[in-house]
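Values below: all heavy atoms of this structure, side chains included; hydrogens, waters and symmetry mates excluded. Residue numbers count from 1 along this sequence. The model shown is predicted, which means the values in this text are computed figures rather than measured ones.
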Amino acid sequence: QEPGLKDKSAARSAAQDAAMGRVIRGSRKGKSLIFSAKTRLRKGAVKLRAVDYAERHGFMKGLVKNIIHDPGRGAPMCEVV
């Protein structure tokens with residue numbers, strides 16, 4: 001073998017790797033545990049409270065009891081009575 005043959009093949013394989021592009025993010029994540037959402041601290045689903053006749057035909061009226069931070073959301077939640 002020629003002494004420079006190894007270097008040429010290594011340079012060719014490096015050039016082919018660079019030409020392939022990036023790995024798709026979804027396939028990179030796959031079933032890995034580090035990309036999964038941390039759901040154990042979430043507060044639960046947001047629901048509307050039950051409304052009576054006056055609120056159905058007029059406007060909603062309530063009292064905000066508590067403002068809560070939910071780790072799974074970008075906005076705060078509140079408890080309305």
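For Arg25, the CZ atom counts as loosely surrounded, since its 6.0 Å shell holds 12 or fewer non-hydrogen atoms of other residues, nucleotides or ligands. Summarising the local packing, CD1 of Ile24 is surrounded by 12 or fewer heavy atoms from other residues, nucleotides or ligands at distances under 6.0 Å. Within 6.0 Å of atom NZ in Lys38, more than 12 heavy atoms from other residues, nucleotides or ligands are found, so the atom counts as buried in its surroundings. Atom CD1 of Ile67 has 12 or fewer heavy atoms from other residues, nucleotides or ligands within 6.0 Å.
Considering every non-hydrogen atom in both Arg42 and Asp70, the closest pair reads CA-OD1, 3.4 Å. Contact between His69 and Lys43 at its shortest, heavy atoms only, is O-CE, 3.5 Å. Looking at every heavy atom in both residues, Cys78 comes nearest to Val64 through CB-CG1, 3.9 Å.
Checked against ring pair (Phe, Tyr, Trp, His ring centres under 6.0 Å), His57 has the following partners two or more places apart in sequence or in another chain: Tyr53.
In this structure, Asn66 contributes its side chain and Glu79 its backbone to no donor-acceptor pair below 3.5 Å.
Between Val46 and Arg73 there is a side-chain heavy-atom pair separated by less than 4.5 Å.
Here Asp52 contributes atom CG and Met60 contributes atom CE; the two are 9.0 Å apart, rounded to the nearest 0.5 Å.
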